[in-house]
J.: 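Just passing along the structure, written as structure tokens.
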Protein chains: 2
Amino acid sequence: MNVSTWNVAGEDMCPHRLVLEHVTSRWGVLVLLALEERSYRFSELRRHIGRVSEKMLAQTLQTLERDGLVHRDAKPVIPPRVDYSLTALGREAAAQVRALSAWTDRRMGDVQKAREAYDQKARQAYDEARS
Amino acid sequence: MNVSTWNVAGEDMCPHRLVLEHVTSRWGVLVLLALEERSYRFSELRRHIGRVSEKMLAQTLQTLERDGLVHRDAKPVIPPRVDYSLTALGREAAAQVRALSAWTDRRMGDVQKAREAYDQKARQAYDEARS
DNA sequence: CGGGATCCTCACAGATACTG
DNA sequence: CAGTATCTGTGAGGATCCCG
């Protein structure tokens, strides 16, 4: 079964930090943002996100489903067809994530400038120490 | 030097995802929320957060400083004294993180219920398959 | 006191192969 | 097609020692 791969790691964390980790995890963010536009099938979602292994996508979807953010609709047909969409709770989560994502997007320029200044100063201090 | 421990991992990601990872990282969130209330000294912050190694705290602070979110004020005295606080940019980031954190806090009950329902169904399916 | 340098380790990402 | 099972490496994270 091993439903709770992710939970084992955080057994000593407060529970609401765990949800936050799921939601902001590498693939969690992308899944939420993708499903916010529309629902997706598994492989379709995989292609849309790109460079995600089947395993990680399945794992991410299961975790988000377990947390009640994603709805999984498996049709008993051959070949199998499974549609993923957001629940009401999931849409709330996606909105939060999008806000955060939009902020980083807006402020990216400032961050980049800060980084250059930081690296510049670090290099100066390094050269100074070598003389 | 090795300034960019975290960046190596994400060399193939779009840059604004990197900032997001820093901000929402395990210790990044806690640091931002702590520094939003007031400024802290290193060890003081370490005690306040709890269960964070010196290495991880230092690394987190450096990354956030490099991104221009945290201000580091090192006083040249003996014994050394270093104060950490948020920049204007950092306060914006902290506000976003707090919104997300507050959301997970509010909806924690719903998530927990969803989890129990999910585990319940999983157990049923498992027992059914064994009969 | 505030870190830097080193070593260790285990948990997680990814690749591969198989199944209903 | 939509997964699961299994194996393996690798790098984030922790412990320890050291120094200004």
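Every chain is numbered from 1, with letters handed out A, B, ... down the list of sequences.
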J.: Rounding to an integer number of Å, can you tell me how far A/E54 CD sits from C/dA13 P?
T.: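 Those two atoms, CD and P, are 16 Å apart.
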J.: Quick one: do B/R38 and B/E44 make a salt bridge, cutoff under 4.0 Å?
T.: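 Salt bridge flag = yes for B/E44 with B/R38.
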J.: Which nucleotide, C/dG14, C/dG3, C/dG2, lies nearest any side-chain atom of B/A58?
T.: C/dG3
J.: Nearest-Å distance, CD1 (A/I49) to P (C/dA13)?
T.: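 Distance check: A/I49 CD1 to C/dA13 P gives 14 Å.
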J.: Using whole Å, report how far CD1 of B/I78 lies from P of D/dC19.
T.: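 Between P of D/dC19 and CD1 of B/I78: 15 Å.
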J.: Under 4.0 Å between a side-chain N or O of B/S43 and OP1 or OP2 of C/dG2?
T.: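 Looking at the OP1 and OP2 atoms of C/dG2, one of them is under 4.0 Å from a side-chain N or O of B/S43.
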J.: Counting only side-chain nitrogens and oxygens, does B/Q59 get under 4.0 Å of the OP1 or OP2 atom of D/dA12?
T.: no
J.: B/H22 versus B/L69: any side-chain heavy-atom pair under 4.5 Å?
T.: no
J.: Does A/Y84 place a side-chain N or O at less than 4.0 Å from the phosphate oxygens OP1/OP2 of D/dG3?
T.: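 Yes, A/Y84 has a side-chain N/O under 4.0 Å of OP1/OP2 on D/dG3.
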J.: So, OP1 or OP2 of C/dC12: does either fall under 4.0 Å of a side-chain N or O from A/W27?
T.: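 For C/dC12, OP1/OP2 do not have a side-chain N/O of A/W27 under 4.0 Å.
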J.: Starting at atom NZ of B/K75, determine the distance to atom C1' of D/dG20, rounded to an integer number of angstrom.
T.: 19 Å
J.: Hey, does the side chain of A/R81 come within less than 4.0 Å of D/dA2's phosphate (OP1/OP2), counting only N and O?
T.: no
J.: Picking from D/dG14, D/dA2, C/dC1, which would you name as closest to the side chain of B/P79?
T.: C/dC1
J.: For the pair made of CG in A/D83 and P in D/dC1, what is the distance, rounded to whole Å?
T.: 14 Å
J.: What is the distance, rounded to the nearest whole Å, between atom CE of B/M56 and atom P of D/dG14?
T.: 6 Å
J.: What's the closest nucleotide to the A/R26 side chain, out of C/dG14, C/dG4, D/dG3?
T.: C/dG14
J.: What contact category does A/R72 fall into here, base, sugar-phosphate, or nothing, at under 4.0 angstrom with non-hydrogen atoms?
T.: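 Sugar-phosphate contact only - A/R72 comes under 4.0 Å of backbone atoms but never of a base.
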J.: Whole angstroms only, please: what is the OH-C1' distance between A/Y40 and D/dC1?
T.: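 Nearest whole value for this atom pair: 18 Å.
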J.: Quick one, B/R26 and A/R17 - any side-chain contact, counting heavy atoms below 4.5 Å?
T.: yes
J.: Among side-chain atoms of B/R72 and B/Y84, is any donor-acceptor pair under 3.5 angstrom?
T.: yes
J.: Can you identify which nucleotide, out of C/dG20, C/dG3, D/dG3, has its nearest atom closest to the A/P80 side chain?
T.: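 For A/P80, the side-chain atoms sit closest to C/dG20.
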J.: For this output row, return yes or no: ring centroids of A/Y40 and A/H48 closer than 6.0 angstrom.
T.: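 Centroid distance A/Y40-A/H48: below 6.0 Å, so yes.
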J.: Starting from C1' on C/dA13, measure out to CD on A/Q62 and report it in whole angstrom.
T.: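 To the nearest whole Å, that distance equals 16 Å.
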J.: Between A/E44 and B/S53, who's closer to the 5' end of DNA chain D by nearest nucleotide?
T.: A/E44
J.: Among C/dC1, C/dG4, D/dA15, which nucleotide sits nearest the side chain of B/K55?
T.: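 Closest of the options to the side chain of B/K55: D/dA15.
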